[in-house]
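The structure appears right after this line, and notes come after that.
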Amino acid sequence: MFGRDIYDASNENLLDLTRRIAENLDREKSITRDYLVELMKRYKVAEINVIDPDGIITVTTHDDFLNYDMHDEEQSAEFLPLLDDTKTEYVQRYQPTTYDPSLYRKYGAVCLKRGGFVEVGYDAERFQQDIDENVVGVTKNRHIGENGCIIIADEDRDIVSDRQNNEGEKLAVTGIRIDRETMPEGELFRSEVYGQQCSCMYVFAEGYYIIAVMPENEVVLQRNTSMFLDFIRDILIFLTLALMIFLLVRLLVLNNIRQVNSSLARITEGDLNEVVDVRSNVEFSNLSDGINATVGTLKQYIADAAARIDEELAVAKNIQQSALPSVFPPYPDREDFSLYATMHAAKEVGGDFYDFYLVDEKKLAFLIADVSGKGIPAAMFMMTGKTVLRGYAERGNAPVEVAQNANTKLCEGNEAEMFITAWMGFLNTETGLIRFVNAGHNPPVLIRAGQASFLTMNSNMVLAAWSGFSYCEESLQLEPGNLLYLYTDGVTEAMNDAHELYGDDRLIQALSASFGEGDTACRNVCSTVKREVDEFVGGAPQFDDITMLCLYYKG
Amino acid sequence: MTIEKMLEEEKLTVVLGGELNTMTAPELQTAIKADLESIKNLVLDMTNLTYISSAGLRVILSARQKLGSRGDVVLVGANKEIRAIFAMTGFDKIVKLD
């Protein structure tokens with residue numbers, strides 16, 4: 001088994017080299033001697049000959065061979081089947097060359113695309129190397145010894161290769177005597193080799209004796225020679241298996257793994273529709289199915305999560321909408337003032353709110369507010385804010401106190417660190433005086449006789465951000481027929497596709513008009529602004545809640 | 001939005017570029033979170049910041065609260081619009097504007 005492997009490995013090596021040389025030649029338009037010499041050096045072979053379809057050497061690295069006819073000798077004639085279609089490749093055993101019997105060379109040949117074939121020769125030294133690499137190298141790694149060697153002799157027991165340059169001598173000069181009748185192959189025997197006592201083993205393969213020699217003083221397991229035997233055998237088995245496994249893995253697995261990997265790469269980049277379809281064997285079929293199932297599950301989770309988020313947003317919207325007074329006109333029996341308010345929630349609900357209540361017969365409290373967060377937390381904080389403000393307002397406190405107390409209350413337990421901007425006014429329905437507090441909110445617009453202008457006012461700290469701030473009360477005197485328009489920044493910061501903001505100027509422009517009287521006026525104001533904003537925004541999505549409240553004072 | 005951080009001793013300087021809005025505010029929050037524990041002063045360079053929304057204000061508020069009485073939040077290079085927002089919301093009372 002030992003010898004067979006080496007023989008096969010050596011053949012395969014030479015054929016491989018010859019094939020590669022043939023590939024290089026196939027690529028050339030015309031083959032020159034210099035090119036052959038270059039190839040010879042590159043591939044470390046001893047000889048390259050190019051034979052034409054008639055069997056004549058037409059290009060060669062050795063000028064002596066030029067025009068040699070392969071038909072002439074028995075040895076070279078063995079290659080002739082390459083000229084018809086019976087063979088495309090051929091390799092010969094090591095044998096003495098016809099032109100120089102002391103020179104041992106091994107020849108391989110491969111057909112060329114242009115016709116004819118290329119013949120490559122390499123030397124016994126190379127053969128020795130193959131064996132060394134295959135066997136002695138391995139044994140070296142196993143630390144069996146540094147001075148072990150392999151001796152190769154032919155069937156006449158003439159040395160082909162050894163480490164002591166005895167090529168051509170009789171095997172006996174090494175000290176080894178082999179008798180195939182009495183000494184079986186693959187079994188340990190002892191002999192004095194090059195003057196040293198050694199353990200040896202030989203195989204006879206394809207006309208050659210291949211003898212492994214190991215100095216005894218280096219054998220680690222001196223006492224137990226059968227273990228030594230098994231050890232060497234195991235190494236060879238291991239080596240062969242390793243080689244086979246490597247080739248198998250490379251052929252089957254790596255190619256498939258590459259395919260699977262590239263599919264996986266596409267999936268992790270976000271293309272969840274990529275399907276892994278490598279089905280060349282059962283394992284890969286299962287792997288493909290497994291990956292596809294995982295991706296399928298992932299897509300399902302994502303879809304479920306998205307559905308959940310949409311549900312939550314719907315809940316938030318509900319909370320928001322149901323919390324705000326939506327019956328208009330809210331006080332139909334009152335003729336001294338009118339109110340109208342709307343809130344258009346963005347997809348991701350933003351926590352805007354408005355509120356109004358009659359604190360008493362003569363006092364209308366009304367406000368607009370904007371919570372800084374989004375989604376359910378904002379909706380819930382909005383509820384809290386609305387309740388707190390109403391609580392303090394209904395007690396009859398002055399606006400400043402309402403703001404201050406509400407602020408302190410809302411700062412407590414505000415883990416999410418949201419804040420609320422708010423504008424709150426108390427209208428004295430008899431006098432038309434509004435006492436108001438602005439907590440960081442954008443200024444309302446006063447519409448007087450078709451002229452719209454922003455209310456100038458102090459700005460105070462927003463609510464729920466920082467306790468301990470003092471708020472400042474201001475007042476505004478309304479004349480009969482005046483409209484006061486409150487809104488949140490969803491109006492002025494509405495954005496179109498060109499990333500432009502609707503802005504303060506456009507708002508003033510939209511509001512500088514006559515809107516009629518009473519309830520109609522309030523509705524008109526709100527619907528006008530909403531329409532203008534919608535037109536401005538066009539198809540772009542709505543980012544923030546658009547909330548507005550309009551008060552008409554008649555007096 | 002671009003965020004560049006420079007940490008010196010007890011002061012963290014953050015240079016912002018672009019817009020500090022709902023999308024980008026969480027990035028800023030994450031970027032300064034760890035350093036807030038150890039520093040005394042936070043400087044926000046807003047020279048290249050074009051817009052700030054309430055989401056951005058929240059991050060600043062949160063930073064201000066975390067620093068507490070240890071130190072200040074200072075805004076540098078804020079443009080007119082941004083200053084107006086800080087004035088309107090009263091935030092100019094809790095941060096220092098240059």
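All chains are named by letter (A, B, ...) in the order of the sequence lines, taking the proteins before the strands, and each is independently numbered beginning at 1. All values below were derived from every heavy atom in this structure, side-chain atoms included, with hydrogens, water molecules and symmetry-related copies excluded. Everything numeric in this text was worked out from a predicted model, so none of it was measured.
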For a quick test of reading the model, state the closest non-hydrogen atom pair linking [X] to [Y] and the distance between them.
{"X": "A/Phe419", "Y": "B/Arg58", "result": "CE2-CG, 3.5 Å"}
{"X": "B/Gln65", "Y": "A/Trp466", "result": "CG-CZ3, 3.2 Å"}
{"X": "A/Ser372", "Y": "B/Ser54", "result": "O-OG, 3.7 Å"}
{"X": "A/Asn438", "Y": "B/Met88", "result": "ND2-O, 4.5 Å"}

Does atom [atom1] ([X]) have a neighbourhood of more than 12 heavy atoms from anything else shown, all under 6.0 Å?
{"X": "A/Met380", "atom1": "CE", "answer": "no"}
{"X": "A/Met457", "atom1": "CE", "answer": "yes"}
{"X": "A/Lys409", "atom1": "NZ", "answer": "no"}
{"X": "B/Glu9", "atom1": "CD", "answer": "no"}
{"X": "A/Asp505", "atom1": "CG", "answer": "no"}
{"X": "A/Lys530", "atom1": "NZ", "answer": "yes"}
{"X": "B/Lys33", "atom1": "NZ", "answer": "no"}

Please determine whether side-chain contact (heavy atoms from CB on, under 4.5 Å) holds for the pair A/Phe543 and B/Met23, giving the CA-CA distance in whole Å, both sets of side-chain angles, and the decisive distance to 0.1 Å. CA-CA 11 Å; A/Phe543 279 119; B/Met23 310 288 168; 4.3 Å; yes
A/Asn458, part contacting chain B, at a heavy-atom distance under 4.5 Å: neither
Mind checking the [atom1]-[atom2] spacing from [X] to [Y]? Nearest 0.5 Å is all I need.
{"X": "B/Leu57", "Y": "A/Met418", "atom1": "CG", "atom2": "CE", "answer": "14.5 Å"}
{"X": "A/His499", "Y": "B/Thr50", "atom1": "NE2", "atom2": "OG1", "answer": "11.0 Å"}
{"X": "B/Asn21", "Y": "A/Glu493", "atom1": "CG", "atom2": "CD", "answer": "10.5 Å"}
{"X": "A/Ile420", "Y": "B/Thr89", "atom1": "CD1", "atom2": "OG1", "answer": "14.0 Å"}

